[in-house]
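One structure is given below, encoded as structure tokens.
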Amino acid sequence: MRVDDLPLSPEYVEHFRAEGIEELYPPQAAAVEAGVCEGRDVVAAVPTASGKTLLAQLGLLTADGPGLYVCPLRALAREKYEEFDALPGVSVGISTGDFDSPAAELADHDVVVATSEKVDSAVRNGAAWVADLACVVVDEVHLLGAPGRGPTLEVTLATLRRRAPDVQVVALSATVDNPEHVAAWLDAELVESDWRPVDLRTGVYADAAVRFDDGTTADVDGFDPDDPADGGDTEATAALVREAVSSGGQALAFVRSRREAERLADRLREEGLADAAEIGPDAAAVAEEVRDAGGTELGERLAESAAWGVAFHHAGLRSQHRSVVENAFRDRRLAVICATPTLAAGVNVPARRVVVRDQQRYTGTGTEWLPALEVHQMCGRAGRPHLDPYGEAVLVGDADDRDELWERYVEGEPEAVESQLRDRDALRTHTLALVATGIANSQAGVLEALGGTFYASRTPNPDLGGIVGDVIGELIEMDMLAPDDGGIAATELGEQVSRQYVTPRTGERLVAGLRTAAAMDPADVTPLTALELVCATPDMHDTYLGERERAAMYQYAREHGSELTTGMGETDDFEGWLESLKTARVLAELVEGVPPEELVADYRIGPGDLESRVERTEWLLGAAGAVAAVLGIDLPALESTRASLQPDSTEAP
DNA sequence: GTTGTTCAACTTTAGACAGCATGTC
DNA sequence: CTAAAGTTGAACAAC
């Protein structure tokens, strides 16, 4: 099937041809057969890089009305936004937490790209445009099975389908074990394929040789397993990377932790890989870009490394640094990225060879094998269309785990997608939201609304009644819901909590903290008071408290006790509270004017971690202000603290 | 006293969505 | 109370 054959206006056909697209890829053709262009619902379970974007565009461009593209990450949203924006005559909007088209304009765009939480939030805040949607594309639907975020996705989709019963849904999934279940839920045609535009061979390294799934075996150049220095997984990884690079390709190496990503990069840099890849001069420019994106010690190390064509990539990096690395690699100005698993789920960064050194991860209860889905996503980054003859993914192991790796990841099926909706916290949040938005006004109403979820479609007798009854009781206890006219209704507090997009537990904590603060001596209410209030909330992530820091934090807690809304004896999770106090302390120093570089060094936290905590704090302080207004509490420290966290007052221009 | 080496005990460990409301020289 | 790798620091040897 050719682009000319599609029911598209000539300008689009022209655009796609200009992009070099003539013939549709088989999965795309299958989706057209299934009716993406005629408004049919379609679930496509296909590998990354097999042309999902075009598939999404076919649905959106042929739909008779505005479209919505839902994706899980802000960086992905931006990437898609740019791709859609390149289409002739299509007006595109974007709506994510960090980057937002004006709300009034969203309704006027042909396509809006948004994160799933932002869509959920828009629904909760009564955005009218959702009811007019003709087509919704959901990228990475398999995240339905993600513990924290899956429920949001399924409830939001159920609500969207309720509000706009005729929307076309196009769902894009990674290869999973049960795509038919997702398709059955959406009553959609299933397109399933493992076709890829570039061949991928996956192999397992052990004992100085790689055994690939196409039956071939390969030695590793310049690698002597009998040399004691060449024995470990890291040495093998380095050799595999070096080999790919010296034959003119680029490589990605995945390791378990941030520190190891940096270490591996150091090690590879010492080998001077850039020369081999003939990207030397360009790499120097990348180093400059990294420096321009902000100077911390970590940033400087990244720049030095990038100058040699080798970068590292993890969430401790500021988002700007991350995107510099991603873009430079895509432009072939870097030879290697050593990364934690972040990179596997993120923006499109294909390489000739992918080396997965670590396949296990620490979980708090020992180390566990990574899900096959995750490893497949890493491996799927191998092979650049038009640039590489093939892609190669190599799992590094030793003789002992060779068979296990082979079974688990080369031959093994990816996991099934399973609903996480039964989770109490998730149900509490969504029950409140459903009532607050007026979708439901009784327990039966909530259950009925949840009837449209993936969970309900998978469970013959959805027995959510018990849990929903429980959480309604809790919400009434929290004064967020109240009995009303034989049913239930949201209180002013409940409505505000839902609109501010914080969890009920966070709302509860804010109420308690605000009441305490209101009763405190005003002279004791400082930025630290506001920050501790917000940091000791389930919606804020804690900061790791090192063994050596613990005593100092304890001391700090004692010294500043009068400013805090939590007494040291009051909490049943003292350790957890100390961790959140550390977060508050770091932010308090930032507010006082301590430069970020210093904080990063003093508290051993990544610049990216600091950045994300500042963002969350701004949001939560805003939410705290809204809750305070409901309670009739006036606490100027909330707003003033938030103001002094704003980028222009904390960062150099 | 200083520097170097070894080894055992201790420390650390991936990621990242979200609010709101607008005017001004 | 899991596991694997990195880091620290004590003990000791050589200078």
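Protein chains get the first letters and strands the later ones, always in sequence-line order, with residue 1 at the start of each.
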- [ ] Output the distance between atom CZ (A/Arg408) and atom CG (A/Asp401), rounded to the nearest 0.5 Å.
- [x] 10.5 Å
- [ ] Give none if B/dA8 has no partner; otherwise give the nucleotide forming a Watson-Crick or G-U wobble pair with it, both distances under 3.5 Å.
- [x] C/dT8
- [ ] Mind checking the NE2-CZ spacing from A/His313 to A/Phe329? Nearest 0.5 Å is all I need.
- [x] 11.0 Å
Open item on the list: With a 4.0 Å limit, can you tell me whether A/Thr340 has a side-chain N or O closer than that to the phosphate oxygens OP1/OP2 of B/dG15?
Closed with: yes
Open item on the list: What is the distance, to the nearest angstrom, from the CH2 atom on A/Trp619 to the P atom on B/dA21?
Closed with: 17 Å
Task: Same-atom distance (C1') from C/dT2 to B/dT13, integer angstrom - done: 13 Å
TODO: Just name whichever nucleotide pairs with B/dT22, Watson-Crick or G-U, keeping both distances under 3.5 Å, else none.
DONE: none
Open item on the list: For the residue pair A/Thr156 / A/Arg161, report whether a side-chain donor-acceptor contact shorter than 3.5 Å exists.
Closed with: no
Task: A/Leu370 CG - B/dT13 P separation (whole Å) - done: 18 Å
Task: Pair partner, B/dC17 [Watson-Crick or wobble, under 3.5 Å] - done: none
Open item on the list: Below the 4.0 Å mark, does B/dA14 have OP1 or OP2 next to a side-chain nitrogen or oxygen of A/Arg259?
Closed with: no
Open item on the list: So, does A/Asn125 get its side chain near the phosphate of B/dC20, meaning an N or O under 4.0 Å from OP1 or OP2?
Closed with: yes
- [ ] Calculate the interatomic distance between A/Arg604 atom CZ and C/dT7 atom C1'; express it in whole Å.
- [x] 10 Å
Open item on the list: Just N and O in the side chain of A/Tyr362: are any of them under 4.0 Å from OP1 or OP2 of C/dT2?
Closed with: no
- [ ] Would you mind classifying the nucleic acid contact of A/Leu73 as base, sugar-phosphate or nothing, using non-hydrogen atoms under 4.0 angstrom?
- [x] sugar-phosphate
Open item on the list: Looking at A/Arg149, I'd like to know whether one of its side-chain N or O atoms comes within less than 4.0 Å of OP1 or OP2 on B/dG15.
Closed with: no
Open item on the list: Rounding to an integer number of Å, can you tell me how far A/Glu547 CD sits from B/dA9 C1'?
Closed with: 13 Å
TODO: Determine the contact category for A/Arg642: base if any of its heavy atoms lies under 4.0 Å from a base atom, sugar-phosphate if only primed atoms, P, OP1 or OP2 are that close, otherwise nothing.
DONE: base
Task: Between A/Asp539 and A/Thr503: side-chain donor-acceptor atoms closer than 3.5 Å - done: yes
Open item on the list: Of the listed nucleotides (B/dA18, B/dT12, B/dA16), which one gets closest to any side-chain atom of A/Ala315?
Closed with: B/dA16
TODO: Determine the contact category for A/Gly364: base if any of its heavy atoms lies under 4.0 Å from a base atom, sugar-phosphate if only primed atoms, P, OP1 or OP2 are that close, otherwise nothing.
DONE: base
Task: Closest listed nucleotide, where the reference is the side chain of A/Arg322 and the choices are B/dG19, B/dA18, B/dA16 - done: B/dA16
Open item on the list: Has A/Asp609 got a side-chain atom pairing as donor or acceptor with A/Gly606's backbone, closer than 3.5 angstrom?
Closed with: yes
- [ ] Can you tell me the distance, in whole Å, between the CG atom of A/Leu76 and the P atom of B/dG15?
- [x] 16 Å
Open item on the list: With a 4.0 Å limit, can you tell me whether A/Thr342 has a side-chain N or O closer than that to the phosphate oxygens OP1/OP2 of B/dG15?
Closed with: yes
Open item on the list: Give me the distance, rounded to whole Å, that separates B/dA14 from C/dT7 when you measure between the P atoms they each carry.
Closed with: 13 Å
Open item on the list: Tell me which nucleotide, if any, is Watson-Crick or G-U wobble paired with B/dT2 when both distances must be under 3.5 Å.
Closed with: C/dA14
Open item on the list: For a quick check of understanding: with a heavy-atom distance under 4.0 Å over all strands, which category does A/Pro102 fall into, base, sugar-phosphate or nothing?
Closed with: nothing
Open item on the list: Just the rounded figure in Å: distance from C1' of B/dA16 to CG of A/Leu143.
Closed with: 12 Å
Open item on the list: Does A/Arg124 reach a base, just sugar-phosphate, or nothing at all? Heavy atoms under 4.0 Å.
Closed with: nothing
Task: 5' priority, DNA chain C, between A/Thr365 and A/Arg548 [closest heavy atom] - done: A/Thr365
TODO: Taking atom C1' in both C/dA4 and B/dA16, compute the distance separating them and give it to the nearest angstrom.
DONE: 26 Å
Open item on the list: Both A/Glu549 and A/Gly622 contact DNA chain B. Which one's nearest nucleotide lies toward the 5' end?
Closed with: A/Glu549
TODO: Indicate whether the side chain of A/Gln377 and that of A/Thr48 have a donor and an acceptor atom separated by less than 3.5 Å.
DONE: no
- [ ] Have a look at A/His314 and say if it touches a base, only the backbone sugar-phosphate, or nothing, with a 4.0 Å heavy-atom cut-off.
- [x] sugar-phosphate
TODO: Look at A/Thr115 and B/dA18 and indicate whether a side-chain polar atom (N or O) is within less than 4.0 Å of OP1 or OP2.
DONE: yes
TODO: Name the nucleic acid region contacted by A/Thr96, choosing base, sugar-phosphate or nothing; use a 4.0 angstrom heavy-atom cut-off, strictly under.
DONE: sugar-phosphate
- [ ] Grab the CZ-C1' distance between A/Arg616 and B/dG15 for me, whole Å please.
- [x] 10 Å
TODO: Would you indicate, yes or no, if C/dG6 has its OP1 or OP2 atom less than 4.0 angstrom from a side-chain nitrogen or oxygen of A/Arg263?
DONE: yes
- [ ] For A/Leu621 and B/dA18, give me the distance from atom CG to atom C1', rounded to whole Å.
- [x] 14 Å
Task: A/Phe99 six-ring centre to A/Arg78 NZ/CZ under 6.0 Å and within 45° of normal - done: yes
Open item on the list: Quick test of the criterion, 5.5 Å between centres and less than 30° between planes. Is A/Tyr501 stacked on B/dG19 or not?
Closed with: no
TODO: Return the orientation label for the A/Trp577 and A/Phe574 ring planes: parallel under 30°, perpendicular over 60°, tilted otherwise.
DONE: tilted
